[in-house]
Amino acid sequence: MNALQEIAEMMNENDSKAFIHYLSKKNKRKDTGNIELFNSLKTDDINFKKNISKDKKSADAYHALRKRLYDNMIDFMANRSFENDTSQENAILRLIVVSRLFFEHKLEKTAFKCLAKAEELAINIEHFNLLNEIYLIQIQFAHFNLSLPIDKIIQKFKVNKKQLEYEEQLNLGYAVLRRELTAIYHEGRIVDFEALIKNTIETYGISLKQGLTFKSLYQILFIANEYASINNNYAPIESFVIKSYRFISKRADLTDKHLYYHIHILYFISNFYFRNGRFTESLSYLNSMSTEMQKQSGKYYQRFCLRYFLLLSFNENFLGNFQNAIETAQKALSLTKKADPNDSNDIHLMLIVFYIQQNAGRNAVKEMAKLNHTDSWYEKKMGMDWAIKKCLVEILLHVQEENTELAISRIKSFKRRYKKYLLTVNEERVVEYLMFVEQYAMKPEIIKTEKFQKNIEAFIIASQNGPKDILIMSFIAWLLAKVRQKPIYDTTLNLLADYFPVS
């Protein structure tokens, strides 16, 4: 999909009608062709390019038309976004702009009233950057209002400046860490991420003792969550989660004003509790997340709904309600037509795991067929860790369905592609796990030998003593079920108590 089509897809019916009207007003000639081109984007008219190229007798004319339409779409969407944006941030920007206009026309009293209103709104949403601009304008024109003490304005400016500088440093650190995370996930870069976090915090002077905002808490939790995901160990970030809960509890009056970050934070906390096998706490935060997603006319519902349903299905499955889990996941995929591919891929992979646990091989194969891109594609789009999990799930499915040749082929491919990487990042247990799976795939009767059973049991005990993550536990449960010749789902639920002992 090209840029023109992507922008056209963003437009709803009202936007499309308004854009056509916008083009009609701009067009000075009737044969411009931009409206016809736009309509062809919305209707997938593949003959339009041929027709217009033939009419214009030049491919260059067609590309020039596309370029002009693209520029018009950008201008239109920018203006429409500004017109339709009713956020407090936009309201503050409007007040700042109009205050400058009033100052230019000698309406100082009205200008200061606008700035006072803008300041009040900016303080409410903790927008330090806009507050900085407001205070600078107040200082610049302070000579027009002698009743307003300039020392007081300067003091507010200095206090806000410190908050702004801290936010800027945190933004820089966050950007550096997110860039490294992208390289780790999508390029398989080998990085000591814990050392990188410490170095970044020192370099940019980031202090977690500073007063948190919803945005800064989101940034910190994002990095903490990704760090835990890379290491498959969520225990070390518990202090961040507790601090997040306390923060939200104290700032409940501001949650609606920071709705986007608030929903994100609730998701991170719920995910933390789920990955640690604490389903009651996870569902509690999911319920809160669902409530927040409905606010402001469901403004962020589409953005977060698949993540919500993903965690809800996972929790239901590990609580023993596998039918509800599968139905919830299937319904989520059917309800969201314009879903983020990353989120929908997560749900497809989750469904495959559920079907494998229920020994529903035919359903699992159908679901796996939907994940039909190459390993390289998934590494780039979903990340190295996700691609590795997807390959492992595919191998288990082939083994379970007794597709021995396919299983062995995928195992060999997996080792060629990922073994060196896994050993470099100290994930020897994945390589060892795959060795057991390969032995079982090649010679299923080995599962009944005492030596093999003891090796598996020892491997599982060692795995339980290391970093714990419920998704890793699911892979272990599959192997344990084969050794004990028990149903996979029952074995998975029974393993929970040993894997996550209640303190």
Side-chain angles (χ1 to χ4, degrees), residues 229 232 234 263 266-291 293 301-302 304-337 339-371 382 386 389-390 392-394 396-397 400-401 468-481 486-500:
S229 178
N232 294 308
Y234 281 76
I263 295 172
L266 291 170
Y267 170 78
F268 287 143
I269 298 175
S270 179
N271 184 59
F272 162 80
Y273 283 119
F274 164 70
R275 299 293 280 261
N276 277 292
R278 295 161 67 175
F279 309 122
T280 302
E281 293 97 325
S282 179
L283 285 172
S284 174
Y285 283 99
L286 267 185
N287 288 336
S288 297
M289 181 181 175
S290 177
T291 300
M293 285 161 54
Y301 181 84
Q302 288 295 328
F304 290 102
C305 65
L306 282 192
R307 293 191 183 191
Y308 165 79
F309 286 122
L310 178 77
L311 272 184
L312 181 61
S313 297
F314 265 134
N315 275 287
E316 289 283 358
N317 185 67
F318 287 100
L319 282 169
N321 307 319
F322 72 89
Q323 289 180 325
N324 287 347
I326 291 172
E327 289 172 5
T328 298
Q330 291 172 334
K331 184 179 179 181
L333 290 171
S334 66
L335 287 176
T336 50
K337 296 179 180 179
D340 184 329
N342 286 25
D343 292 340
S344 57
N345 284 337
D346 280 337
I347 292 186
H348 284 303
L349 187 60
M350 176 185 66
L351 271 173
I352 296 166
V353 172
F354 291 171
Y355 288 136
I356 289 174
Q357 289 176 340
Q358 298 305 322
N359 202 27
R362 183 176 295 179
N363 290 336
V365 169
K366 287 180 181 178
E367 206 63 43
M368 183 62 78
K370 298 172 185 177
L371 300 177
M382 300 297 296
W386 195 95
K389 285 188 174 73
K390 184 258 181 186
L392 286 173
V393 169
E394 186 177 1
L396 299 188
L397 177 58
Q400 191 158 308
E401 291 300 291
K468 295 182 178 180
D469 175 20
I470 196 167
L471 301 186
I472 301 299
M473 189 213 74
S474 299
F475 285 103
I476 294 172
W478 183 90
L479 197 56
L480 186 62
K486 299 288 185 180
I488 299 169
Y489 189 59
D490 292 345
T491 304
T492 303
L493 297 185
N494 291 334
L495 186 58
L496 277 171
D498 294 330
Y499 200 80
F500 295 112

Gap separating the CG atom of Leu495 from the CD1 atom of Ile488, nearest 0.5 angstrom: 13.0 Å
Distance-minimising heavy-atom pair for Ser344 and Leu306: N-CD1, 3.8 Å
Aromatic contact, Tyr489 with Phe322 (centres under 6.0 Å): yes
Donor-acceptor pair, side chain of Ser270 and main chain of Tyr267, under 3.5 angstrom: no
Heavy-atom side-chain contact between Glu367 and Phe354 under 4.5 Å: no
Ser313 (side chain) donor-acceptor with Phe309 (main chain) under 3.5 angstrom: yes
Nearest atoms (heavy-atom pairs only) where Phe475 meets Lys389: CZ-O, 4.0 Å
Atom of Asn315, atom of Ser282 and distance for their closest heavy-atom approach: ND2-OG, 3.0 Å
Thr280 backbone acceptor or donor facing Ser284 side chain under 3.5 Å: no
Heavy-atom side-chain contact between Leu496 and Ile470 under 4.5 Å: yes
pair Met382-Asp346: side-chain heavy atoms closer than 4.5 Å: yes
Distance in Å, Phe268 CZ paired with Leu266 CG, rounded so as to fall on 0.5 Å steps: 11.0 Å
Counterpart residues, side-chain contact (heavy atoms from CB on, under 4.5 Å), relative to Thr491 (two or more places apart): Leu480, Ala481, Lys486
Considering all heavy atoms, the nearest Leu311-Phe274 contact: CD2-CD2, 3.9 Å
Distance (rounded to the nearest 0.5 Å) between Ile347 CD1 and Lys370 NZ: 11.5 Å
Inter-residue atom distance Asn271.CG - Asn276.CG, 0.5 Å rounding: 9.5 Å
Tabulate below the donor-acceptor pairs under 3.5 Å that side-chain atoms of residues 355-366 make, not counting sequence neighbours, or state none.
residue: Tyr355; atom: OH; partner: Gln330; partner atom: NE2; Å: 2.7
residue: Gln357; atom: OE1; partner: Asn317; partner atom: ND2; Å: 3.0
residue: Asn359; atom: OD1; partner: Gln400; partner atom: NE2; Å: 3.1

Residue pair Leu471, Phe314: steps toward the side-chain contact (heavy atoms from CB on, under 4.5 Å) verdict: CA-CA 10 Å; Leu471 301 186; Phe314 265 134; 3.9 Å; yes
Inter-residue atom distance Met289.CE - Leu283.CG, 0.5 Å rounding: 12.5 Å
Mutual orientation of the aromatic rings belonging to Tyr273 and Tyr285 [parallel < 30°, tilted 30-60°, perpendicular > 60°]: parallel
Check: Val353 and Val393 side chains under 4.5 Å, non-hydrogen atoms: yes
Student check: side-chain heavy atoms of Trp478 and Leu392 closer than 4.5 Å: no
Non-hydrogen side-chain atoms of Leu349 and Trp386 separated by less than 4.5 Å: yes
Test side-chain contact (heavy atoms from CB on, under 4.5 Å) applied to Leu319 and Asn324, step by step: CA-CA 10 Å; Leu319 282 169; Asn324 287 347; over 6 Å; no
Spacing of Asp498 atom CG and Ile476 atom CD1 [to the nearest 0.5 Å]: 11.5 Å
